[in-house]
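A short write-up of the structure that comes next.
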There are 2 protein chains.
Amino acid sequence: MPARPTPPAAPPPLTEPVEDYLKAIYELETRSGAAATSDVAQALRVAPASVTGMIRRLATQGLLDHVPYRGVQLTDLGRRAALRTIRRHRILETYLTQVLGYAWDRVHDEAERLEHAASDDLIERMSAALGHPTADPHGAPIPTADGRVDERTHRTIADLAVGETVRMLRVSDKDPELLRYLAGIALQPGVEITLLSRAPFDGPLTLRVADGEPVVGSTLAAQVLIEPLPARNAQRAVTPTGDRNTTTDARPRSARKSAR
Amino acid sequence: MPARPTPPAAPPPLTEPVEDYLKAIYELETRSGAAATSDVAQALRVAPASVTGMIRRLATQGLLDHVPYRGVQLTDLGRRAALRTIRRHRILETYLTQVLGYAWDRVHDEAERLEHAASDDLIERMSAALGHPTADPHGAPIPTADGRVDERTHRTIADLAVGETVRMLRVSDKDPELLRYLAGIALQPGVEITLLSRAPFDGPLTLRVADGEPVVGSTLAAQVLIEPLPARNAQRAVTPTGDRNTTTDARPRSARKSAR
DNA sequence: GCCAATATTTAGTCTCGCCTAAAGATTGAG
DNA sequence: CTCAATCTTTAGGCGAGACTAAATATTGGC
Ligand SMILES: [Mn+2]
Ligand SMILES: [Mn+2]
Ligand SMILES: [Mn+2]
Ligand SMILES: [Mn+2]
């Protein structure tokens, strides 16, 4: 294609379905390395054939590359669009819990719709009102306005050694039931967790969290992301070097208020 | 049509275009008595033929009655839907100005999109956070959750007699330029206005508002709605009887904060 | 290395909202 | 009363997004 002579190429704004596709593809790509047609279909509760159709359109718009039967990969353009929507989603979730008193299991659906309707101005005003938070109520990192985000992977409670103490970092916001249950046993981003014991044969784990000792199954345990406690005395200066993150984020993320 | 045997008739949620059509038709109906195809088309910036098509669909859904070539009238169902959207719009506008610091000329477009995405729960939380306001930043009355609203018509500055003092009530939120200009001369809902003089042949009007004496043309004057000052001493108890309004609204509407 | 199970794409439709062009209805001026 | 100007509706199309059913590609088990 030839060079573009007129600067105002006027990128037509992305539609709501397009934004949701890009977001889903981004999350599958970072989580599992690649985004298969059927995975996207499942994530968006749509027929696989619909995904194929949408993917072709997105490819012609330069938002992703598609090798038929092989999978899909976001272009820079597509990734930026995805991160913009994710930023909106997470700022909205944070605002709804912190300012408007939403329970943390109710914000996802609301943000899923508002993320497409709110202007950049509104999102930045909310972010400012919150003091520019770096994580949402579920502990998910909030991308910056210029599209940077902490993409490191993390251990889960299932990976803990008996006796180990860590800080809860994050949990998926997709399952309200799980979120309500976690809130009931005081598991929320920021709390300290110690693994007291682990039953054999993939059995339940007994934790210490706050002043309770909940017993959780391994399925739940694998869904709760953790981070090490900040080094209490020893090797302070040894910050990991290959850190892709740009938000100079030494502080323990999520000094969130309770999600009620 | 036969009786409905199964209670959960599951009314499919209205789409964004449908909500905007109903809102526009409602406003044309109350403002000018009827809603002509071309008026709706103009209000929504859409071709007249598109309006005819949409109207047919809305009629089959029982949201309005349509007599071809004669015009359109909302059913109770349609009117309730319109008022619900209008309530959302006005609460959102109020929240954006009061809580998030929006200028009053910027809220309309934002609310025009958010009104379709926000849940009832969110709207009611915003309303509660504002202390359940009864008017939006432009002085427009906010319908109640059960669909009641003050539909009285009002005089404008153009109707003032020289020397008369009244309170500004309301102005349309559709023209940001006008809103910015009004803010510049301190004309906002709630302020007292006195007509000092009126030039002949539909000429400019000199007002006293706050401590300024703006001179405005008759076009502008006709767009600014006013209400009488609360009776200072005399006939207190003589409230108008045929009042359709249900919100027991004796207070001067719009004790709004400044729209910045 | 083949072949059946699985994943993906193609083919063919559908509904919603919008458009333009053309036809039909209404109305007001004379 | 008539007819031209002004609505309004009809006819025909289009793109976005979804679906089902049918074809095709990939892959893993043997
Ligand atoms: Mn969404
Ligand atoms: Mn979240
Ligand atoms: Mn709208
Ligand atoms: Mn308004």
Side-chain angles (χ1 to χ4, degrees), chain A residues 10-25 28-29 32-74 78 81-82 85 112-113 115-117, chain B residues 10-25 28-29 32-74 78 81-82 85 112-113 115-117:
Chain A
L14 303 179
T15 65
E16 177 162 338
V18 165
E19 289 186 335
D20 282 337
Y21 270 90
L22 293 175
K23 198 166 53 125
I25 291 167
L28 288 167
E29 246 181 31
S32 13
T37 298
S38 52
D39 294 340
V40 177
Q42 191 176 14
L44 296 175
R45 310 169 147 281
V46 140
S50 307
V51 174
T52 301
M54 176 63 94
I55 275 175
R56 201 178 45 246
R57 245 179 309 143
L58 297 183
T60 70
Q61 291 180 45
L63 292 162
L64 49 77
D65 295 319
H66 181 215
V67 186
Y69 290 99
R70 270 294 137 70
V72 92
Q73 192 162 16
L74 292 180
T85 307
E112 197 58 54
R113 284 173 281 109
E115 66 191 359
H116 313 289
Chain B
L14 304 179
T15 65
E16 176 163 339
V18 166
E19 289 186 335
D20 282 337
Y21 269 89
L22 294 174
K23 197 164 56 125
I25 291 167
L28 288 166
E29 245 181 31
S32 10
T37 298
S38 52
D39 294 339
V40 177
Q42 190 175 15
L44 297 175
R45 308 169 150 285
V46 138
S50 306
V51 174
T52 302
M54 176 65 92
I55 275 174
R56 201 178 43 245
R57 244 179 311 141
L58 297 183
T60 69
Q61 291 179 44
L63 292 163
L64 48 76
D65 295 319
H66 181 215
V67 186
Y69 290 99
R70 271 292 135 73
V72 92
Q73 192 162 16
L74 292 181
T85 306
E112 198 58 55
R113 283 172 284 110
E115 65 191 359
H116 313 289

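If you're wondering where the values come from, they're calculated on a predicted model, not measured in any experiment. Reminder, nothing fancy here: chain letters follow the sequence lines and each chain counts from 1.
Proximity note for Val46(A) (side chain, C-beta onward) versus dC19(C), dA18(D), dT10(D): the nearest is dA18(D).
You'll find the side chain of Leu63(B) stays beyond 4.5 Å of the side chain of Tyr21(B), heavy atoms only. Proximity of Leu44(B) to Asp20(B): side-chain heavy atoms (C-beta onward) are separated by under 4.5 Å at one or more points.
Residue-level contact check: Val51(A) touches neither bases nor backbone, having no heavy atom under 4.0 Å from any strand. The residue Ala49(A) sits close to a base: some heavy atom pair falls under 4.0 Å.
Formation of a donor-acceptor pair under 3.5 Å by the Glu29(B) side chain with backbone atoms of Leu74(B) is found in this model.
In this entry the distance linking CG of Asp20(B) with P of dC18(C) reads 9 Å, nearest Å. Per the geometry, CZ belonging to Arg70(B) stands 7 Å off C1' belonging to dT26(C), to the nearest Å. Atoms CD (Gln42(B)) and P (dT6(D)) sit 15 Å apart, rounded to a whole Å. Atom CD of Glu16(B) and atom P of dA16(D) are 18 Å apart (whole Å). Between the CD1 atom of Ile55(B) and the P atom of dC7(D) there is a distance of 15 Å, given to the nearest Å. In this structure, Arg57(A) atom CZ and dG15(D) atom P are separated by 11 Å, rounded to whole Å. Counting to the nearest Å, the C1' atom of dT27(C) and the OH atom of Tyr69(B) are 14 Å from each other. Following rounding to the nearest Å, His66(A) (NE2) and dA25(D) (P) show an atom-to-atom distance of 14 Å.
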Apply side-chain contact (heavy atoms from CB on, under 4.5 Å) to His66(A) and Leu58(A), showing your working. CA-CA 9 Å; His66(A) 181 215; Leu58(A) 297 183; over 6 Å; no

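OP1 or OP2 of dC19(D) sits under 4.0 Å from a side-chain N or O of Ser50(A). The side chain of Thr15(A) contributes an N or O atom lying less than 4.0 Å from OP1 or OP2 of dG17(D). Note on Thr37(B): a side-chain N or O is less than 4.0 Å away from OP1 or OP2 of dT9(D). Between dT8(C) and Ser38(A), a contact under 4.0 Å exists linking OP1 or OP2 to a side-chain N or O. Between Arg56(A) and dT10(C) there is a side-chain N or O to OP1 or OP2 distance below 4.0 Å. Distances shorter than 4.0 Å separate none of the side-chain N or O atoms of Tyr21(B) from OP1 or OP2 on dC16(C).
We find the CE-CD1 distance between Met54(A) and Ile25(A) to be 9.0 Å, quoted to the nearest 0.5 Å.
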